[in-house]
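Order of the sequence lines fixes the chain letters, A, B, ..., with proteins taken first and strands second; residue numbering starts at 1 for each chain. The model shown is predicted, which means the values in this text are computed figures rather than measured ones.
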Number of protein chains: 2
Amino acid sequence: MNLTSIYDKKLRNSGLRPTKQRIKICEALFDSEKTFHFSINDLANIINNKSSLKISLATIYNTVHAFKEKGYLKQIPLNTNQAYFDTNISDHHHFYDVNDKKLIDLDNSDVGPINIYKKINGKKIKSIEVLVKLED
Amino acid sequence: MNLTSIYDKKLRNSGLRPTKQRIKICEALFDSEKTFHFSINDLANIINNKSSLKISLATIYNTVHAFKEKGYLKQIPLNTNQAYFDTNISDHHHFYDVNDKKLIDLDNSDVGPINIYKKINGKKIKSIEVLVKLED
DNA sequence: ACAAACTTTAGAATCATTATAAACTACGAA
DNA sequence: TTCGTAGTTTATAATGATTCTAAAGTTTGT
Ligand SMILES: [Mn+2]
Ligand SMILES: [Mn+2]
Ligand SMILES: [Zn+2]
Ligand SMILES: [Zn+2]
C-alpha cells in the first residue's frame, strides 16, 4: 500500500473527504521520517514552492485545524504572534531558544517524571507540557 | 512609606519616570495581596472602569511590556489569540482549564522536581514552565 | 447522471498588537 | 524659576495572523 492510499484511508476514517488538497497537505506533513515544527505560513511555503498545485491559505488553515481536532497534529503553547504546530504527536516537550527563536524537541525520556500534586475538583488532566526556554 | 512612594521608587530604580499613568497601573497590578492573571484588555477594563483618569490602550501595552522587561510581570505561554500575563513572578506553573478557559496557579510545591537531561551546546536554561491542561 | 453534502477559494472582516507622530510632562541644569 | 531635552502619552493608522463569507467546484451515494 502506497502513502497516498494510506492518507486516503486516514482521511476517510476521520470523516474527511480525500481531496487532492488534503492529500498534498498530508504528504507535506507526514511523508518524512522526521517530525517537525511549523507555522501556517511555513507550511504554505513548503507546499506552494514545491508544486504546481497551489493550495489557498484558507484551505491550509482549515486542514491544519481539522488535523489538530483529529489528533494528527499538536499545537505548541508559545508566546509568539503566530501559532506553531508539531507533526510529532507523541507525548513530549520543547526547548525554545529565545535567541534563535527555534523549537527543539525534548523527548519524554529527556525529562524526568512529572508529578502534579494539586487536584482540581471535577477536572482531570488532559495533557502536561513543559516548555524550557534556552538562552546563550 | 506608602504604596505610591514604593511604586515611585520601583519605577525610578528601573529607569522609568513615575508618571501618574504608571503609578495607576502599578496600583491595579500590585496593590492586592493576591496575584492574578490578566490580558491587556482585562487590565484596561480594571483601570478604566474604576477611575476617572482614563489610560490609553497604547500606554497600557507600553507599560505592560516595560514591566515584563523589568521582570515585574511574566507572560504565560498559551495557545490563545491574546497574550496573558501574571503578577505572580515567582517560579511556578499553571493549570489551564480548557472548558472554562481559566488559568490556575500551580505553585512550585505543587509540582515535583523537574529534571531535564538533554543539553544543548552553548545554551543555558532560562526558565522551565509547565502547562497542565484540565478538562471536565 | 443527479442531488446533496462537503470542500475550496478569493476576498473581506476581525481583532490583537505595534507603529507613528504630535502634544504633553518630568527633570536636571543654569 | 525657567529652559531645554529626553522621555511619555495619546489618538490614530498600520500591520498581520486568523477567521468569515458566499460563490464556485468536487465528491459521494443512489
Ligand atoms: Mn499566545
Ligand atoms: Mn500563541
Ligand atoms: Zn515537538
Ligand atoms: Zn500564575
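- When the shell of 6.0 Å around NZ of A:K102 is examined, it contains 12 or fewer heavy atoms from other residues, nucleotides or ligands.
- Residue-to-nucleotide proximity on DNA chain D shows that, of A:Y84 and B:R22, the 5′-proximal contact is made by B:R22.
- Straight-line distance from the CD atom of A:Q21 to the C1' atom of C:dT9: 9 Å, rounded to whole Å.
- At a threshold of 4.5 Å between non-hydrogen side-chain atoms, the residues B:F95 and B:K133 do not count as touching.
- Following chains of ILVMFWY side-chain contacts shorter than 4.5 Å, one can reach A:L73 starting from A:I40, so the two form part of one hydrophobic cluster.
- Under a hydrophobic clustering in which Ile, Leu, Val, Met, Phe, Trp and Tyr are joined whenever their side-chain heavy atoms come within less than 4.5 Å, directly or via other members, B:Y84 and B:L134 fall into different clusters.
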Grab the N/O contacts between the protein and nucleotides 23-27 of chain C below 3.5 Å, and write none if there aren't any.
unit_1: C:dA26; atom_1: N3; unit_2: B:R17; atom_2: NH1; d: 3.3
unit_1: C:dC27; atom_1: OP1; unit_2: B:R12; atom_2: NH1; d: 2.9

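- The residue from B:D110, B:T35, B:D86 that alone fulfils the side chain to side chain donor-acceptor pair (under 3.5 Å) condition with B:H92 is B:D86.
- Residues satisfying the salt bridge (charged side-chain N to carboxylate O under 4.0 Å, His left out) test with A:K24, not counting sequence neighbours, are none.
- One atom, NZ of A:K24, and another, C1' of C:dT8, lie 15 Å apart when rounded to the nearest Å.
- Taking a heavy-atom distance under 4.0 Å as the criterion, the stretch of DNA chain D touched by chain B extends 5' to 3' from D:dA6 to D:dA11.
- For the pair B:K10 and B:Y72, the cation sits on the ring face: its NZ or CZ lies under 6.0 Å from the ring centre, inside 45° of the axis.
- Atom C1' of nucleotide C:dT18 and atom CG of A:N79 are separated by 17 Å, given to the nearest angstrom.
- In this structure, B:V98 and B:Y96 have side chains that are in contact, with non-hydrogen atoms separated by less than 4.5 Å.
- The structure places CD1 of B:I120 at 7.5 Å from CG of A:L106, a figure rounded to the nearest 0.5 Å.
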What N/O pairs connect the protein and nucleotides 12-14 of chain C at under 3.5 Å? Give each pair on its own line.
none

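- With sequence neighbours excluded, no residue forms a salt bridge (charged side-chain N to carboxylate O under 4.0 Å, His left out) with A:D105.
- Contact of the A:I104 side chain with the B:K118 side chain is registered, since non-hydrogen atoms from C-beta on lie closer than 4.5 Å.
- Checked by atom type, the side-chain pair A:D107/B:Y117 shows no donor-acceptor distance below 3.5 Å.
- Using a 4.0 Å cut-off on heavy atoms, the residues of residues 50-72 of chain B that approach DNA chain C are B:Y61, B:H65, listed by number.
- Side chain to side chain, A:D42 and A:S39 meet the donor-acceptor criterion of an N or O pair below 3.5 Å.
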